[in-house]
Each structure stands twice: as structure tokens, then as C-alpha cells.
Amino acid sequence: MLKFKNTDENKSCEINSDSAELHEVIKSLGLDGKKVIAAKFNGELSDLSRKVNTGGEVSAVTADSPEGLEIIRHSTAHLMAQAVLRLYPGSHFGVGPAIKDGFYYDIDASGAITEDDLPKIEAEMRKISGAGEKVTREDMAKSDALKFFADDPYKTELITEIDAPTVSVYKQGEYADLCRGPHVPDASKLHNFKLLSVAGAYWRGDEHNKMLTRIYGTAFASPDELKTYIKRLEEAKLRDHRKLGKDLDLFSLHEEGPGFPFFHPKGMAIMNTLIDFWRREHVKRGYTEIKTPQILDRELWIRSGHWDHYRENMYFTEIDEKPYAIKPMNCPGSILVYKTQLRSYRDLPMRLAELGCVHRHERSGVLHGLMRVRCFTQDDAHTYIEQSQIKDEVMRIMELDRYVYNDVFGFNYTVELSTRPNDSMGTDEQWNEAESALRDALESTNTPYTINPGDGAFYGPKIDFHLEDCLGRTWQCGTIQLDFQMPGRFGVTYIGEDGAEHTPVMLHRVVFGSIERFMGILIEHYAGAFPYWLAPVQVKIIPISDNHADYAAELHKLFMSWGVRSEVDYRGEKLGRKIRDSQLQKVPYMIVIGDKEKDSRSVGVRERSKGDLGSMSIDAFKELLGKEFNPIK
RNA sequence: GCCGGUGUGGCUCAGAGGUAGAGCAGCGCACUCGUAAUGCGCAGGUCAACAGUUCGAAUCUGUUCACCGGCUCCA
């Protein structure tokens, strides 16, 4: 006699046997239903077919729960693998996990698979699902599993590394996979899936290994959710900053300079506005600004450690037969500025900001619009402080980040603490001290964070800020890096209260990160409809006919005198056409002027999302603009 | 860098061995117009580059470059 209960539903049952399968238990508990795809036994996710011989807590896992969805996706990956095996016999399979928004499977396919083949594979999957192919689990001793997968190098490698005497194998028809599970009981539970793309992926994510074919797909509990997701992908495509950058005439990229973006007047209007904002905030917060050269003696980079740890990413040149390097970072330049005078503890913290344009050699395949480029502007600052000031200074920077990301741009963001990488300088003691200083700042501000082991800079650990964009993708923007190395290497000092020479600690930090990337993120975040304060054209004046051109010109001059970026559409087009074009350019305000406005010296105001606001006096319009959110007003 | 795909006027795309086409944008003319596309006309391309096959290549082959989807790497 076995006793089972479900606490959440306050149900219990008894089964008069010394063992039971979980699906029977779920039925006895009255928890069964169409959406049940797996079970939980004493908190452990399990197959419905799992046989238990003790009583316990049992609950049903449905397709629409987060755990259920993961199982659906994982099982769909298996379903896809079975279909691929049918169409490409002799294929071997790497790993095929569920991921955020879907799943993938890495396949060493017996023939080339391209995107054109996906419908064929999908059709095969539907065939298998329609036939209700059973999925069964079998536990095997490791040695048996090794025999079973003897002709599969990938599974063999995985099994060898599993630290347990037995492994589980899931079989469905001719396909079998090494897998922890759990899975759906049969393929008929899998309907709402779609294969999305094909890509190459290194076996185990290591570029020294063979490249496998990765097929990405997604699956959901309901057709509606799948449809919504596909729609979201389409929406994301419309927001792509590369497309909007072209449509809105913000920037361009050319074969003549891969990874080196060209900014057009409208793109520069946005960038300069961002920079205006940035300068104001930094002046308020006690920063001063410097500018250091693009090209510096190679010796400097050898001394800084970049030659040893960053050479692969640097560009080099020669001047008068002497070797030079194009700067990939701004820190050595900042240090040279610091060292031009003897500094006192009274000067600290010394906050030297720099909008530094850096060049980094990125591998050709990684370039991506403005998000990943070979030349970008860092909104950098190097802060020189005493050891005792670390926590305070880090907290000040975190507050600036919060203000910028959250209050001004409305981004959600997450924080990571990145620790010592393999290729790095300094002693363990220095690193431990630096890492705990950063941790201390995070903890005393109650900032939730995760640890990203081994991802620090070569000279110190860092706190990274990841912004979440409209697609839920995250982008690293801000970073705060603590550096105990460079000041020592360069003999950076200050005279302490005790009259003796000390070495300051250095903080490297950026807020936007790369202004180019930040713009890319903003373009997608706002779908090109920039808020009034950032919009490249804030007001478009639309005269209805030539008779109103003079008044339009007069208004244009007036608006510019207010500091408003304004343009006039003098084309001989009809009103509807001019409005349409301004709407497509996502201009925040359109000013329509005809006889009525000209005679009464008023303006007809149209707002891009609210539509026609009617006629109003020029003063009223000025007041309206004054109410717009504007952090640099 | 690696795997796969793509490259045709400013933009979006059609054409697949016989010498290049549409829509939009541009320019000209007419219309002088009230809140998301006025009409007519004109002009615009060594079909990414280089080499090869062929009587003939935008089309087939090779190489290179760039871009796109990923992997690795990263702000």
C-alpha cells in the first residue's frame, strides 16, 4: 500500500500495490488532464512513466507551466533529431537543450542542411508527432551505454564524462539519445513548434573543435503563444537599428571601412545630444574632461601590459621608423596626464573623463551594425583614489548608472561581478582585495548581482551593467573596473597626509560603454521614434501651399532661436503626403500652416502619436515643447 | 577566424547562357491642395571585384571582398 498526496490541491490517494507509475498516481489524485506532460515526485521532475515504490508528494507538470514548457522544448529538440535522422541517416548528434525562447540541436549531419531544408524536416516532425511516437526511458550502466553509442563519438565523449554509474537513454522509434530527461510520454504532445534557422556551432563551444550544424527552433504550449512569438520576431526585425539607421538617414556602413561607421547629420544630432547630456551630468558629479592622442609609442603599451595581454586586438603603425600603436583603450593616456604634476591626497578623488575614440581589431565575422564595430567612442573616465575611497567612489558611479539607465532611458538592467581571468597580471592577494572591494560596494547598496567568473579585465575585476532591449536581448554597456596594476606599473603617486608618497588605486569606468553601441540600442529600444529631446528633427513645419512658405520660414527661424531642431517641407506635395513622410521619419511634432494659421499667426500642431492637436498660439506651442521630458533643458 | 546563406540602379526586389526590368525615391512639367502616398514625363545599372569556361557570362566555375544568421570573442 502506497500513500500519495498533493499539498497544493490538498488531495491524497492510496494505491494498493508495492509500486506505481506516476501517471496512475496523478489519475488517482484527480490531477490528470490533457495538458499534463510530466510529473514531480517529491519535488523532482520525472517522466509520467516513472515507477515509484514509496509514497510521497506528487504533482502534475502541465505544458503551460515554465517547467512544462522547458520539457516541451527539450522534447521537441529530440523530435527534430529523430526527423533529421530519418532524412539524413548516419547523422550524429551533439547536444540539444531547451534555451530561452526555444531550443536547438547541434548535429554532425550526414549531408548539408540549409534553411531551405527546414520545411522538409518540420514536415517529418509533424508526421512523427501525428503518429504519436512513444518516448521511453531506459537506465543503463555506463559500460552498456558506451557500447550502445559506440559509433557516436559525441555521445561517447559525454558519457565518459558523466560521474555516475548509470545513465539514462531516451528512445523514440529509431532514434535514441543520451539524456537526463524528463520528456513528454509521446510525440503527440508536441504541436506548436517551428524551426527557425541553421547555423554553425563548435562542438562544446570550443573553436578548436569540429563545427557542427545547429538548427534553432521554438515550441510553445499553445498555437497562440507560438504566433505571438513569431510576431515578436517580425517586430524585432522592423526595429533593427541597421534598417532604421538607413531609413532615418542616421548612419551608413561601407565596404571601404568594415566596422567603421559613418554618421550622417541626423545621427550626429542624436550623438551630440547624448554627449551634451553626458557632459552636464559629469560636470555635476565632479569630473573634468581630457583628450588624449589616437596614436602613441608602442613602448607605452608594452609598459601598460596591453602588448602582452591585448596585442591581438590592436592596430600598429610606424612613424619615422619607430613603432607606434593606435589606442585600444584610454587608460595609459589618462595616466600620462595625471603624472604631469605632483598630486596631493587633497586632489583625490581625481576624476578625469574622456570621450575617447578607440580602435580594436574585431574578427570579421563578429561585426554587427553599430553594436559591434572596430572603432568606437568610449564615454570613459579614470578616477584616481585612495584605497579607503574605493567603496564610496564605486557607489557614486553606480548611482550615476542608475540615473542614466533607469530614470532617463527607462531600461531595465542587471549587474554582474566579473572575476579574475586566466590571462591577467598581479597577485592573488591583490585580486582578492579588489574583488572583495567591489562586492562590498554591491552588497552595501543591496544591488542584486550575479558572478561572472574569469571575465574580468586583465588588470582587475569589474562590475558590468547589462541593459535589456526591446527583444529581451541584453547588451553590456556600463562597467566599473578596479585596477591595482596600472598605477604601480606607471609609477603613479600622490603625496599623502603623512607627507609620504603613496600609490593611488585607479577606477576605469564607462556609462554608455560605447556611444555607437548605445545609439544602436536606443534606436531599437525606441523603434526609431526618439523621445523629443533626442529626436534629430524635433519639429517639421509643413506649409500647405507655396503661399505659406514665408510664414514657414519665419517660424523655422523662430524655432531655431529657441534651440529647437526644426525643418521645413517646402516640396510641392499635398499635405497628406508631407504628413505621411514626417510620420515615417518619426518626427515628434508637425506644424501645419495654411491660411488660417498665417492670418492669425498661430500654428496647427500634430503630434506623431496623438495626431492633430488643433491650432494654438505660438506661445502655447512653446509651452507644450517646454513640458516635454528633457534632461538637458 | 569558423559554418551556412546572400550580393542586380539611392531603396525594396524580379530576371537564370543570347547582351537588363518593376515599384518607390530623384529630376522636369502641371496641380496650390487642411492632417498617412496628385498626375504625366525624363533620367539613372561595367548585375560586388578579379580570373576562368564559352562564339557569347549578370546567369556556369574558381578566388577575393562585403553583408546576413549563428559559433568563438567582446564595449
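Separating the C1' atom of B:G4 from that of B:G10 is a span of 30 Å, rounded to the nearest Å. Straight-line distance between the P atoms of B:C71 and B:C50: roughly 35 Å, to the nearest whole Å. Comparing B:U54 with B:C2, their P atoms are spaced 32 Å from each other, to the whole Å. Atom C1' of B:G1 sits at a distance of 10 Å from the matching atom of B:C73, rounded to the whole Å. Taking atom C1' on both nucleotides, B:G21 is separated from B:G44 by 13 Å, rounded to a whole Å. For the C1' atom pair drawn from B:A57 and B:G69, the interatomic distance equals 30 Å after rounding to whole Å. B:U61 sits 37 Å from B:A25 when the C1' atoms are compared, rounded to a whole Å. Separation of the P atoms belonging to B:C13 and B:A48 is 15 Å when rounded to the nearest angstrom.
For the pair A:I542 CD1 and B:C33 C1', the computed distance is 13 Å after rounding to whole Å. Between A:R571 atom CZ and B:C33 atom C1' there is a gap of 14 Å when expressed in whole angstrom units. To the nearest angstrom, C1' of B:A25 lies 13 Å from CG of A:D249. Between the C1' atom of B:U32 and the CG atom of A:D550 lies a distance of 15 Å, rounded to the nearest Å. Distance A:D240 CG to B:C67 C1': 12 Å, rounded to the nearest Å. One can place CG of A:L367 at 13 Å from C1' of B:C65, the figure rounded to the nearest angstrom.
Residues A:D464 and A:Q476 bring a donor and an acceptor atom of their side chains to less than 3.5 Å of each other. The closest side-chain donor-acceptor pair between A:S334 and A:E354, if any, does not fall under 3.5 angstrom. For the residue pair A:S566 / A:Q538, no side-chain donor-acceptor distance below 3.5 Å is found, with atom types taken as modelled.
For B:C3, the OP1/OP2 oxygens have no side-chain nitrogen or oxygen of A:K210 closer than 4.0 Å. Residue A:S364 places at least one side-chain N or O closer than 4.0 Å to OP1 or OP2 of B:G1.
To the nearest 0.5 Å, the span separating CZ on A:R360 from CZ on A:R374 amounts to 14.0 Å.
Searching all strands for a Watson-Crick or G-U wobble partner of B:A14 with both distances below 3.5 Å returns nothing. Across all strands shown, B:U38 pairs with B:A30; the Watson-Crick or G-U wobble distances both stay below 3.5 Å. Across every strand in view, B:A57 sits unpaired, with no contact that passes the Watson-Crick or G-U test at under 3.5 angstrom. With a cut-off of 3.5 Å on both Watson-Crick or G-U wobble distances, the partner of B:A25 is given as none. In this structure, B:U46 forms no base pair with any nucleotide, since neither Watson-Crick nor G-U wobble geometry is met with both distances under 3.5 Å. B:C67: Watson-Crick or G-U partner is B:G5, with both key distances under 3.5 Å.
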Legend entry - Contact pattern, 5' to 3', of nucleotides 70-75 of chain B - B, S or - by protein heavy atom under 4.0 Å: BBBBBB
Legend entry - Protein proximity profile, nucleotides 34-48 of chain B - base contact B, sugar-phosphate-only contact S, no contact -, cut-off 4.0 Å on heavy atoms: BBBBB----------
Inset, instruction - Given side chain to side chain contact (heavy atoms under 4.5 Å, CB included), test A:M506 with A:Y459 step by step and report yes or no. - result: CA-CA 10 Å; A:M506 195 174 165; A:Y459 44 76; over 6 Å; no
Legend entry - Worked check of side chain to side chain donor-acceptor pair (under 3.5 Å) between A:E468 and A:T414: CA-CA 8 Å; A:E468 196 172 305; A:T414 54; over 6 Å; no
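Shown here is A:E161, whose CD atom has more than 12 heavy atoms of other residues, nucleotides or ligands within 6.0 Å. Atom CD of A:E70 has 12 or fewer neighbouring heavy atoms from other residues, nucleotides or ligands inside a 6.0 Å radius.
A 4.5 Å side-chain heavy-atom check between A:F277 and A:V408 finds at least one atom pair inside the cut-off.
For A:R73 and A:F103, the positive end is not near the middle of the six-membered ring at less than 6.0 Å and at most 45° from its axis.
With hydrogens and angles ignored, a donor-acceptor pair closer than 3.5 Å exists between the side chain of A:D546 and the base of B:U32.
Aromatic pair A:H525/A:F411: ring centres closer than 6.0 Å. Side-chain rings of A:H208 and A:Y202 stay apart, their centers remaining 6.0 Å or farther from each other.
Here A:D240 pairs with A:R242 in a salt bridge; the nearest charged N to carboxylate O distance falls below 4.0 Å.
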Pull out every protein N or O sitting under 3.5 Å from an N or O of nucleotides 8-10 of chain B, one pair per line with the distance.
none

